[in-house]
Amino acid sequence: MISKGISGKGRNTAIMFATLMLFWLMLNGKLEADILIVGALVALVIAVLYRDGLSFFTEFRFTPAAFIAGFGYYGYFFKELFKSNIKLAAIVLSPSLPVKPAIVKVRTKLKTRMGRLMLANSITLTPGTLTVEMEGEWLYVHWVRMEADAIEEATARIVSGFESYLEVMYG
Amino acid sequence: MGLILDIIGGLLLVGGASFLLFGGLGLVRMPDIYNRIQAGAKTTTLGTLLTLAGAACLQPAWGWKLLLIGVFLIFTNPVSAQVLANTAHRRGAEKSPLTKIDRLAEDQEGKA
């Protein structure tokens with residue numbers, strides 16, 4: 001989708017390889033020659049076969065600002081995840097079950113595949129929202145509790161919080 | 001030190017378990033499939049993460065592996081929820097009568 005010339009594929013393969021190696025080493029928990037060799041071989045084969053696939057750092061911009069935004073993103077993400085659980089518990093535990101569902105449409109500025117994937121995932125895990133469908137730059141979001149007035153503004157708020165971080169990280 | 005970690009770990013486990021309980025309650029009480037998916041996806045993510053964190057406090061040696069499980073969970077859990085919701089909508093799953101707006105259905109009708 002995003003062409004970065006010839007280096008794009010090589011970069012993707014290298015990032016995939018590094019990510020797989022990191023996971024392999026975390027899973028093993030020790031640095032020994034045979035573990036490293038087996039891991040490197042398998043990671044290389046997978047990275048070459050699936051170089052068009054997405055992994056955690058595909059399309060990540062390796063700049064200091066992107067790393068800072070990454071930390072900010074996860075801080076914000078966990079805060080929102082916690083809030084969404086509290087809110088859901090409140091809805092589920094209240095006898096009247098105050099839901100007001102709606103499927104709304106919201107536009108994103110993000111262009112990269114990974115950026116959009118992360119945005120859709122973030123929306124699903126934050127208070128009262130669930131991504132149902134994605135078409136180009138439009139996201140369709142299911143809402144447990146629609147705010148009756150000013151729908152447009154409220155929907156814009158669904159994405160804006162995460163978008164500001166993800167824009168710096170992936171663009 | 002060990003005792004303090006044990007207490008923190010125990011509290012995290014109880015916290016995680018209670019969120020999972022609320023999720024289960026949500027599955028029973030929510031009116032339609034989309035709301036049920038919402039209840040399931042959010043609570044299982046935080047509930048399982050807290051459980052993993054509690055396990056990490058009780059068994060610090062497992063820390064890296066538990067962290068890895070947590071990372072995979074954060075990325076895969078919402079994807080499965082989205083695929084379920086997407087499929088449900090394509091197959092025209094019943095929506096709760098409370099649902100006032102469905103922009104996705106409106107747009108698809110416009111195209112057809």
Side-chain angles (χ1 to χ4, degrees), chain A residues 22-29 54-56 74 77-78 80-95 97-106 117-118 120-135 138-146 148 151 155, chain B residues 15 18-19 21-35 37-43 45-47 49-50 61-65 67-69 71-72 74-82 84-90 95-108:
Chain A
L22 181 69
F23 283 172
W24 172 251
L25 292 177
M26 277 168 84
L27 208 55
N28 275 288
L54 290 179
S55 75
F56 297 90
Y74 279 103
F77 171 81
F78 282 113
E80 291 291 302
L81 179 61
F82 214 81
K83 251 173 41 193
S84 87
N85 274 269
I86 303 285
K87 217 167 153 181
L88 199 110
I91 292 178
V92 166
L93 291 177
S94 62
L97 200 68
V99 294
K100 217 167 148 195
I103 295 177
V104 294
K105 192 175 167 182
V106 55
L117 172 70
M118 296 273 282
N121 282 0
S122 309
I123 289 172
T124 297
L125 291 177
T126 47
T129 51
L130 164 73
T131 316
V132 177
E133 174 74 279
M134 197 169 196
E135 262 182 33
W138 291 99
L139 290 162
Y140 294 88
V141 176
H142 179 265
W143 225 350
V144 165
R145 235 165 136 185
M146 183 183 62
I151 299 179
T155 43
Chain B
S18 28
F19 279 121
L21 172 71
F22 297 143
L25 209 58
L27 286 182
V28 178
R29 290 205 67 200
M30 285 299 196
D32 64 4
I33 181 165
Y34 305 103
N35 291 300
I37 292 171
Q38 295 231 23
K42 293 177 215 310
T43 53
T45 310
L46 187 63
L49 283 179
L50 288 179
W62 299 352
W64 286 112
K65 283 177 196 174
L67 179 67
L68 205 56
I69 298 173
V71 169
F72 280 120
I74 290 179
F75 277 83
T76 54
N77 223 351
V79 172
S80 71
Q82 280 147 212
L84 278 172
N86 191 305
T87 313
H89 200 275
R90 281 190 192 173
K95 276 175 296 213
S96 147
L98 294 168
T99 311
K100 292 280 183 290
I101 299 175
D102 188 346
R103 289 277 153 77
L104 180 54
E106 285 167 23
D107 283 4
Q108 278 167 349

Applying a strict 4.5 Å limit to non-hydrogen atoms, the region of A:Thr126 in contact with chain B is backbone
When you compare the side chain of A:Leu130 with that of A:Ile123, does any pair of heavy atoms fall below 4.5 Å?
no
Check B:Thr43 against B:Phe19 and note the closest heavy-atom contact, atom names and distance.
CB-O, 3.4 Å
Closest heavy-atom contact between A:Met26 and B:Leu67?
CE-CD2, 3.7 Å
Heaviest contributor of heavy-atom pairs below 4.5 Å to chain A, chosen from B:Gln38, B:Arg90, B:His89, B:Lys65, is B:Gln38
Beyond-backbone contact of B:Val79 with B:Phe75, side-chain heavy atoms, under 4.5 angstrom
no
Atom of A:Leu125, atom of B:Pro78 and distance for their closest heavy-atom approach
CD1-CG, 4.0 Å
If you count heavy-atom pairs under 4.5 Å with chain A, which of B:Thr45, B:Leu49, B:Ile74, B:Asn86 comes out on top?
B:Asn86
What's the separation between atom OG1 in A:Thr124 and atom CG in B:Asn77, rounded to the nearest 0.5 Å?
10.0 Å
Counting only heavy atoms closer than 4.5 Å, note whether A:Phe78 contacts chain B via side chain, backbone, both or neither.
side chain
Atom group of B:Tyr34 that falls short of 4.5 Å from chain A, counting heavy atoms
both
Top contributor to chain A interface from B:Ala39, B:Ala41, B:Ser18 [non-hydrogen pairs under 4.5 Å]
B:Ala39
Any donor and acceptor pair, going by atom type alone, linking the side chain of B:Asp32 with main-chain N or O of B:Asn35 inside 3.5 Å?
yes
Answer with side chain, backbone, both or neither: which region of B:Phe72 has an atom nearer than 4.5 Å to a non-hydrogen atom of chain A?
side chain
Per-residue contacts, residues 24-31 of chain B versus chain A, heavy atoms under 4.5 Å
B:Leu25, B:Gly26, B:Arg29, B:Met30, B:Pro31
Taking atom NZ of B:Lys42 and atom CG of A:Asn85, what is their separation to the nearest 0.5 Å?
8.5 Å
Between B:Trp64 and B:Leu68, is any pair of side-chain heavy atoms under 4.5 Å apart?
no
Is there a side-chain contact between A:Trp138 and A:Val106 in this structure, where contact means two heavy atoms from C-beta onward sitting under 4.5 Å apart?
no
Which one, A:Val99, A:Thr129, A:Leu93, leads in non-hydrogen pairs under 4.5 Å with chain B?
A:Thr129
Side-chain contact, heavy-atom cut-off 4.5 Å: A:Val104 with A:Tyr140?
no
Could you have a look at A:Ser84, A:Gly128, A:Ala89 and say which one has the most heavy-atom pairs with chain B under 4.5 angstrom?
A:Gly128
Among the options A:Val92, A:Ile86, A:Ile91, A:Val141, pick out the one with the most heavy-atom pairs lying under 4.5 Å from chain B.
A:Val92
Tell me, out of A:Lys105, A:His142, A:Met134, who's got the most heavy-atom pairs with chain B below 4.5 Å.
A:His142
